[in-house]
Amino acid sequence: MSLSKITFTNISGQTLSGRLELPADQHPHNFALFAHCFTCNKNLSAVRNISRALTSQGYGVLRFDFTGLGESEGDFSDTNFSGNVEDLIAASDFLSNTYKSPSLLIGHSLGGAAAIFAAEKIDSIKAVATIGAPSNPIHVQHLLKSGLKEIQANGIATINLSGRDFTIKKQFLDDLETKSLPEIAKKLNKALLVMHSPQDTTVGIKNAEEIYLAAKHPKSFVTLDNADHLLMRKEDSIYAGNVIAGWSTRYVEIPLKPLLKSGHHVIASLGNAEGFTTQMKVGNHYLTADEPENVGGNDFGPSPYEYVSAGLSACTAMTIKMYVARKGWDLENIEVHTSYSKSYNIDCINCEDPSAKIDTFKREIKLEGNLNKKQISRILQIADKCPVHKTLHSEIQVITSLV
């Protein structure tokens, strides 16, 4: 996973702070936007876990703080639900201008309601997932009940939510009363996934039913059984992220990896726009090779010499296992650690001479089991008889022709 801090401006010119997470092994096939819950921020553990579950499946994910929250500029007391929707649209514009337009929108709690409202206004969104969302934004009033009378009387009140004080103005409540989520859901021409816990005591499960019934197909519902409203258990948020990633593949476009065909066992394909990121077909398996970032690569896969080292490690382990199994010795596990470098020849006459350096594979073997010294000594001898080891020591030839 690659994580970077980004900023963009909202409709009022205020700077909003976000985190952009990218997959560790490929360029993102799609981008997703995440809308956090009421008075939360982008760093809530559930938000991070869901984002990382998506990046592991090839998504780029932008999570950010709404105006007046977290690291974003602005005064929270001057914000409202409509402002959250506008912030999501601004975040979408940032992705469109800087990377690629988002196709997936995820919202948690009140952020889920904002996601549905925003999705109607963002053409690139193909799918929306809500988690513990209220069926009507006005539902938030029950969280503010300790200060409702004061807000109605004075137009403003300071209310403690989850141990923090927030100033709420009457305009916030007035804005909520103008929003009808079921009406928007009826018109939503996007795929919708509604996720909710039956044990949610903050936003009851009835809300999920009302959103689901109001929406038209394609729509889906997944119960988050035994989860709390904020998905504070790590396993709950990771599960939610994995479900969203799998479900969304039905509705977003994911480019197919090129099918490489050849009479040879291994094929490597590299286009002029990929840097050093090389797609390979190795037997029946598709792999990626690359170079580290410090030499201009994306680090999306092992380097060529790491693949050679991996072949030596795997072959060594297999050779030892076959020999030990035939002997019936008690070996529970084998680990082969291999690294490659250019090193001075062990018996170099003039070690100052650059030509004294040769290709060197350093291999360490860890054996677990009930083995005596004689057996261990024989296993180390067998390791040197690994076919890849013998190939590396042999005179070889590479015959090249043009296809």
Side-chain angles (χ1 to χ4, degrees), residues 30-38 46-47 50 53-54 59 61 81-82 84-89 91-92 101-142 175-200 202-225 227 229-231 236-237 239-254:
N30 282 268
F31 280 85
L33 266 178
F34 200 111
H36 63 69
C37 56
F38 179 56
V47 178
I50 292 169
L54 286 161
Y59 276 95
V61 183
F81 180 79
S82 294
N84 288 350
V85 174
E86 290 171 350
D87 285 351
L88 280 170
I89 296 171
S92 173
S101 298
S103 57
L104 174 63
L105 190 48
I106 307 157
H108 187 185
S109 192
L110 188 63
I116 292 178
F117 273 83
E120 185 194 24
K121 301 179 180 181
I122 303 175
D123 292 338
S124 63
I125 296 297
K126 306 298 180 186
V128 183
T130 66
I131 304 168
S135 57
N136 202 314
I138 201 67
H139 172 89
V140 172
Q141 279 196 0
H142 91 277
D175 180 65
L176 291 177
E177 291 177 355
T178 67
K179 302 296 183 289
S180 174
L181 185 56
E183 289 301 316
I184 295 296
K186 286 178 184 178
K187 300 185 294 181
L188 187 66
N189 290 313
K190 324 275 184 178
L192 177 64
L193 171 63
V194 180
M195 308 182 80
H196 216 110
S197 169
Q199 292 81 25
D200 191 333
T202 303
V203 179
I205 188 69
K206 184 72 174 176
N207 288 267
E209 179 184 356
E210 291 173 354
I211 295 173
Y212 183 85
L213 291 176
K216 55 187 177 182
H217 286 290
K219 58 183 177 180
S220 306
F221 172 76
V222 172
T223 184
L224 300 174
D225 196 29
H229 180 66
L230 294 180
L231 305 188
D236 293 329
S237 51
Y239 170 75
N242 288 332
V243 169
I244 294 170
W247 166 83
S248 61
T249 59
R250 302 279 293 187
Y251 307 106
V252 301
E253 295 182 6
I254 300 179

Are the side chain of Ser197 and the backbone N or O of Ala227 linked by a donor-acceptor pair below 3.5 Å?
yes
Under a 4.5 Å cut-off applied to non-hydrogen side-chain atoms, are Glu120 and Ile125 in contact?
no
Counting only N and O atoms by type, is there a donor-acceptor contact under 3.5 Å from the side chain of His196 to the main-chain atoms of Glu209?
no
Does Pro102 offer a backbone N or O that forms a donor-acceptor pair with the side chain of Ser124 under 3.5 Å?
yes
Shortest non-hydrogen pair, Ala46 vs Leu231, comes out as CB-O, 3.7 Å
All heavy atoms of Asn207 vs all of Ser135, minimum pair found to be OD1-N, 2.9 Å
Considering all heavy atoms, the nearest Ile122-Lys190 contact:
O-NZ, 3.1 Å
Does a side-chain heavy-atom distance below 4.5 Å link Gln199 with Asp225?
yes
Measure across Ser103 and Asn30 and return the closest heavy-atom pair with its distance rounded to 0.1 Å.
OG-OD1, 2.7 Å
His229 backbone acceptor or donor facing His108 side chain under 3.5 Å
yes
Minimum heavy-atom separation for Val85 to Phe117, with atom names?
CG2-CB, 3.8 Å
When you compare the side chain of Leu224 with that of Asp236, does any pair of heavy atoms fall below 4.5 Å?
no
Could you tell me whether the side chain of Leu54 reaches within less than 4.5 Å of the side chain of Phe34, counting heavy atoms only?
no
Using modelled atom types and a 3.5 Å cut-off, is there a donor and acceptor pairing between side-chain atoms of Lys219 and backbone atoms of Tyr212?
yes
On a heavy-atom basis, the closest approach of Val128 and Trp247 is O-CH2, 3.5 Å
Between the CD1 atom in Ile254 and the OG atom in Ser248, the distance rounded to the nearest 0.5 Å is 6.5 Å
Lys206, NZ: over 12 other non-hydrogen atoms inside 6.0 angstrom:
no
Check whether any side-chain heavy atom of Leu193 sits under 4.5 Å from a side-chain heavy atom of Ile106, and report yes or no.
no
